[in-house]
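First the proteins, then the strands, lettered A, B, ... as listed; each starts at 1.
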There are 2 protein chains.
Amino acid sequence: MLSKKTKYGIKALTYLARQKDKSPVQIATISKSENISLKFLESILLTLRKNDLLGSKKGKGGGYYLLHEPKDIQMTSVMRVLEGPISMVPCVSLNFYEKCDDCPDENKCAVHSLMAQLRDSSLEIFKNTTLADLCRC
Amino acid sequence: MLSKKTKYGIKALTYLARQKDKSPVQIATISKSENISLKFLESILLTLRKNDLLGSKKGKGGGYYLLHEPKDIQMTSVMRVLEGPISMVPCVSLNFYEKCDDCPDENKCAVHSLMAQLRDSSLEIFKNTTLADLCRC
DNA sequence: TAATAATCTACTAATTTTATAGGGTTTGAG
DNA sequence: CTCAAACCCTATAAAATTAGTAGATTATTA
């Protein structure tokens, strides 16, 4: 299941991407518009900022804004930051590889090959979809 | 992330699919061979049986066995039984549809369209992969 | 029929993840 | 200086996950 963290994060990102100018938007504004718990959204935006997807400005007139053009933000990076690895098992993860402790030989593991296929197709979709694409709905 | 329940379930299924004959295999045998906690495996095999993927036989010489030919068992049914819906969000699920309570219009939801794409590609893979394919690793 | 081997059922429990809530601190604009 | 906003830290309730324990039930075989 997709976590609400990721869902809310994507919604917030598209909200920002739809802005005409790049002036900061307050958390409360996004929270109200997208029906997201304010404090939860706060922590989500913070992790997006720490991972260089968003910039922020403090004080009066402050808020969050996109650091890059929507068309330059691939969903791979959004998903990795919010949801974690694209793969469903660590042993097929490209960026977060980890050996399974119950598997003697992962080349002979049935789960491994299936999940590798799944990873490839998911990766393909996430790579070819940018934030700009999501705004066209 | 893929739950261990699903991972273990798939391993058990492939173990059974690799058997020459269809005589019952004891839980303990699979448990040892695949490094799976016996009692956990027991509950997994039980849900597989309740969902018509496995048959069981009690008493001496008993155990679990496949009800169908490996080539006739699609991964869609295995995944649905063990892991739940294929979709990552209920609002794009074909078999378990549910409306999001935070979404006024799901046709305008950016997450929705992305997840629908993902569901399609996952479904494609699971539909075209059978237990027999997984045994060839 | 009695012993045995296996599944089946029902609790319990530790751990982790998820989804928030509260409150104080820091920064920057006017 | 004042105020508004992001920032940061802590806590927590609920749910899911991953088991472990104890015993009941059923079927086979000798």
(Q) Using the salt bridge (Lys or Arg N to Asp or Glu O under 4.0 Å) criterion, which residues pair with B/Glu106? Sequence neighbours excluded. (A) none
Under 3.5 Å, which N/O atoms of the protein pair with N/O atoms of nucleotides 24-30 of chain D?
residue	atom	partner	partner atom	Å
D/dT26	O4'	B/Lys58	NZ	3.3

Q | For A/Thr76, side-chain hydrogen bond (donor to acceptor under 3.5 Å, both in side chains) partners two or more places apart | A | A/Gln74
(Q) Could you work out, with side-chain hydrogen bond (donor to acceptor under 3.5 Å, both in side chains) as the rule, every residue matching B/Asp102, not counting sequence neighbours? (A) A/Lys7, A/Lys11
Q) In residues 21-36 of chain B, which ones come under 4.0 Å of DNA chain D, going by heavy atoms? A) none
Q. How would you list, by chain and number, every residue that makes a side-chain contact (heavy atoms from CB on, under 4.5 Å) with A/Ala110, sequence neighbours excluded?
A. B/Thr14, B/Leu134
Every protein N/O lying under 3.5 Å from an N/O of nucleotides 9-17 of chain C:
none

Q: Would you work out how much the helix from C/dT1-D/dA30 to C/dG30-D/dC1 bends between its ends, with each end axis defined by five base pairs, to 10 degrees?
A: 10°
Q: Tell me, please, which residues at least two apart from A/Glu83 pass salt bridge (Lys or Arg N to Asp or Glu O under 4.0 Å).
A: none
Q: Quick one: list whatever passes salt bridge (Lys or Arg N to Asp or Glu O under 4.0 Å) with B/Lys57, sequence neighbours left out.
A: none
Q. Can you list, by residue number, the residues of residues 77-97 of chain B that have a non-hydrogen atom closer than 4.0 angstrom to DNA chain D?
A. none
Q) Taking only residues two or more places apart in sequence, or in another chain, which ones meet B/Glu124 in a side-chain contact (heavy atoms from CB on, under 4.5 Å)? A) B/Asn128
